[in-house]
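Take a look at the structure set out below.
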Amino acid sequence: MADGVSINCKTGQATIAPLNPADQADFDARQAAAPAIVAAQTAAQANLTTLQSHASSAISANLAYLTIVGPTAAQIAAQVALLTRENTAVIRLLLAQLDSVAGT
Amino acid sequence: MSTTTPNLGLTLDTVNDPVGATIASIAGNFTLLDTAFVIPVPAFATPSIVLGTAAAAGAAGTVIRSDATIVAFDATAPTTSAVGNAAAAGAAAVASRRDHVHGREAFAVPSGVDVSDAGAAAGGAATTLMRSDSVKTILTATPGSSAQGDVAARGTATSLARSDHIHGREAAFKIAENIAGGTLASVTFSAIPGGYRNLYLKHQVRGDTAATSTGLYVQFNADTGSNYDFIVITIQGTPTVGQVSGIADVRIQIGDAAAANAPASTFTSGRVDIPNYAGTTAHKGTVAQAGLKQSAAAASIYVETGSGWWRNTAAITSIKVFPGAGNFIAGSSFFLYGEP
């Protein structure tokens, strides 16, 4: 059983007591959901780091492509694919869709 | 010795009758036979009767006429009496006229009331009186301003406060506080008085759940229904902007609390404002700010700001604060203020 405190603002009296059944049930539910939330947050943070890393790499890749005079068809295709991945990453960052880095 | 007049057959007492009087004439059926006969009669004199406290026969050999005047009064005005005079028989040898007037002490403006600690009841020394409708003045002064934590004191002022006096107060008043002495699943401020314009809650919290942070939430008036909307914008140090929101949620998120996996002794500090919390027209709104450090890295330091709404127009009388998971650890603190 978890305890809560109630402070009566008129008297200043603080009373610590076990949570009522409804609050205890809510507490237990939140506690049970916490690992999944933490896992999701951890994954999101990792994905964010990945996307930011990709974005940093994309700058140098784009600069390198722009130095190519008369790129080959293969180089153009590769750059289109790279731009698509970069664009997806930007969209994920923009929308805070950090549950995955798919398409980046 | 008695003398018998041979012609009238009268007997005179020459001892007790006045001596020296002369019979000038005798009217009636008597015939004066011897004009040389002399009856001794006492002489008249100016009265010298003195008013005294005991009757006395006196010793004068003279008599007073019926229209003589005796000295009963004089021209001296009666004395002026004063408050506190003692009764006295007096010593004057003259009487008072029935319309005589004594002088009296004068009326004077009452002096003020001594309310100093050193003041004590005293008889005073004034020789003047107060009228029944006189007015004593009592000094009044503007009360000072009180502040939270002031200790009751008798004071030293020598002036009094009126019954409708008003103390100045600090701009914001701390309504209540709680510093957790142990783990707490929630902190509820109840019976919040409605006499302020705005409320704000300051907090410094850390949770015990196994994470670097956990959400931080509020509910009002024990409403656990889906009656809340909120958005929290987070800005990380990289910088990256994120957000979390809830529509028809069961609570308002006001930020995130550092939790068990955050650096040791790291708490989240924040504040929630609730304008016009006692109004009954608008849904209640919150404006929140918080700072979160999940780890000692720029990417894990957050500035959070959020807004929330409670779909209810009732005055807020209680606020419950709780973490997304687990408990607040000991030392977490909550301070509720009211703004006039």
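Chain letters run A, B, ... following the sequence lines, proteins first, then strands; residues in each count from 1.
- Among B:Ala176, B:Pro323, B:Ala185, the residue with the largest count of heavy-atom pairs under 4.5 Å with chain A is B:Ala185.
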Kindly determine whether A:Ile16 and B:Leu184 satisfy side-chain contact (heavy atoms from CB on, under 4.5 Å), including the steps that lead there. CA-CA 8 Å; A:Ile16 298 175; B:Leu184 291 171; 4.2 Å; yes
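- Side chains of B:Leu336 and A:Cys9 form a contact here, defined as non-hydrogen atoms less than 4.5 Å apart.
- With chain A as partner, the option from B:Gly326, B:Ala211, B:Gly182 having the largest number of non-hydrogen pairs under 4.5 angstrom is B:Gly326.
- At most 12 non-hydrogen atoms from other residues, nucleotides or ligands lie less than 6.0 angstrom from CD1 of B:Ile166.
- In this structure, no portion of B:Ala180 lies under 4.5 Å from any heavy atom of chain A.
- With values rounded to the nearest 0.5 angstrom, A:Ile7 atom CD1 is found 11.0 Å from B:Ser318 atom OG.
- Counting only heavy atoms from C-beta outward, the side chains of A:Phe27 and B:Asn327 approach each other to under 4.5 Å.
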For a side-chain contact (heavy atoms from CB on, under 4.5 Å) check, start with the C-alpha distance between B:Thr183 and A:Asp3, then their side-chain angles and the critical distance, and finish with the verdict. CA-CA 8 Å; B:Thr183 58; A:Asp3 288 336; over 6 Å; no
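- In this structure, A:Gln31 contributes its side chain and B:Ala325 its backbone to no donor-acceptor pair below 3.5 Å.
- Between B:Ser190 atom OG and A:Lys10 atom NZ the span is 9.5 Å, to the nearest 0.5 Å.
- B:Thr188 is not listed as a side-chain neighbour of A:Val5, based on a closest heavy-atom distance of 4.5 Å or more.
- Heavy-atom neighbours of A:Gln24 CD from other residues, nucleotides or ligands within 6.0 Å: above the threshold of 12.
- Here CG of A:Asp23 is found 7.5 Å from CD of B:Gln219. Values are rounded to the nearest 0.5 Å.
- Enclosure of atom CZ in B:Arg197 is not indicated, since only 12 or fewer non-hydrogen atoms of other residues, nucleotides or ligands lie within 6.0 angstrom.
- Counting heavy atoms from C-beta on, the side chains of A:Leu48 and B:Thr240 come closer than 4.5 Å.
- Here the CD atom belonging to A:Gln45 is positioned 5.0 Å from the CD atom belonging to B:Gln236, to the nearest 0.5 angstrom.
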